[in-house]
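All remarks here apply to the structure that follows.
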Amino acid sequence: MNEAPVLALRGVEKSYRSGDHDVLPVLRGAELSLHAGEIVALVAPSGTGKSTLLHLAGLLDTPDDGDIVICGQSTRGMAEAGRTALRRDQIGFVYQFHHLLGEFSARENVMLPQMIAGKPKAQAKVEAERLLGMFGLSHRMEHLPGKLSGGEQQRVAIARALANAPALLLADEPTGNLDARTADAVFTELLDAVRQKGLAALVATHNEELLPRMDRVVTLRDGILVPR
């Protein structure tokens, strides 16, 4: 691929302090390039640093060393305001638990990130309805999250992640809280949406059955990303 990667991890290192003196290295120079239209699975045992890597890639945390480049922009030394804007405009997140705002309807949950980004309410409403319709939720837009099934809640969460037309989608066990049949349906819709929009996607999952549907599979070994 000749085009610049949407996400590039360059020698990313991260350690955490355990107790008063012990330092626990988690990432030891991790490298990854992820291009538009590419879906990469991240598969590794619990405790090896998958969530840490996703938080760093999503600019929710900062590395001890190395650089995280989003859409050609180096974030090394970037002020928090710049990181926040980059995260808001270029990155969508999907988590195992939907984290929807319980007091807002499905439509409002998808409208809110757009309005925070400065989109007028009327336009945000139109886009929210379009996205929810794409996930088969046109008849559930007025419902609060508590009135939706688990699969419907996760579909709303995916629509919300796509609301600001990000270049990069980061998903942490996006179907891990669903039964097998619902998980397969939701994951199919997620992949279809990502491919249709030509996004770059990094998906952490334990579900081996999903891996053949990805473009590549990587794992963490001693703090380094390697092909699996």
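- With hydrogens and angles disregarded, no donor-acceptor distance shorter than 3.5 Å links the side chain of N109 to the backbone of A157.
- Take R88 and apply the side chain to side chain donor-acceptor pair (under 3.5 Å) test, not counting sequence neighbours, and it matches no residue.
- R10 and S74 share no donor-acceptor pair across their side chains, judged by distance under 3.5 Å alone.
- A side-chain donor-acceptor contact under 3.5 Å links T219 to the backbone of V43.
- E209 CD: 12 or fewer foreign heavy atoms inside a 6.0 Å radius.
- Side chain of T75 to backbone of I68: a donor-acceptor contact under 3.5 angstrom is found.
- Under the side chain to side chain donor-acceptor pair (under 3.5 Å) criterion, R130 pairs with E127, sequence neighbours left out.
- Listed by first and then second residue, the salt bridge (Lys or Arg N to Asp or Glu O under 4.0 Å) pairs that reach into residues 96-105 come to none, sequence neighbours excluded.
- Applying the salt bridge (charged side-chain N to carboxylate O under 4.0 Å, His left out) test to D67 and every residue at least two apart in sequence or in another chain returns nothing.
- Considering all non-hydrogen atoms of both residues, L169 and A161 come closest at CD1-CB, 3.9 Å.
- H99 is linked by a ring pair (Phe, Tyr, Trp, His ring centres under 6.0 Å) to Y95, counting only residues two or more places apart in sequence or in another chain.
- Taking D172 as the reference, S51 meet the side chain to side chain donor-acceptor pair (under 3.5 Å) condition, with sequence neighbours excluded.
- Between the side chain of Q153 and the backbone N or O of P145, at least one donor-acceptor pair lies under 3.5 Å.
- Applying the salt bridge (charged side-chain N to carboxylate O under 4.0 Å, His left out) test to R160 and every residue at least two apart in sequence or in another chain returns nothing.
- Ion pairing between a basic and an acidic side chain is recognised when a charged N comes within 4.0 Å of a carboxylate O; D61 and R83 show no such pairing.
- Side-chain contact check for L53 versus L9: some heavy-atom pair is nearer than 4.5 Å.
- Considering only residues two or more places apart in sequence or on other chains, D192 meets the salt bridge (charged side-chain N to carboxylate O under 4.0 Å, His left out) condition with none of them.
- Crowding of K125 atom NZ: a count of heavy atoms from other residues, nucleotides or ligands under 6.0 Å not exceeding 12.
- The backbone N or O of A44 lies less than 3.5 Å from a partner atom in the side chain of K50, making a donor-acceptor pair.
- Under the salt bridge (Lys or Arg N to Asp or Glu O under 4.0 Å) criterion, the residue pairs touching residues 105-114 are R107-E129, R107-E142, with sequence neighbours excluded.
- R221 is linked by a salt bridge (charged side-chain N to carboxylate O under 4.0 Å, His left out) to nothing, counting only residues two or more places apart in sequence or in another chain.
- The side chain to side chain donor-acceptor pair (under 3.5 Å) check on S138 picks up nothing, with sequence neighbours excluded.
- For the side chain to side chain donor-acceptor pair (under 3.5 Å) condition, the pairs that include at least one residue of residues 198-208, sequence neighbours left out, are E173-H206, E208-R228.
- Side-chain polar atoms of R76 and T62 form no donor-acceptor pair below 3.5 angstrom.
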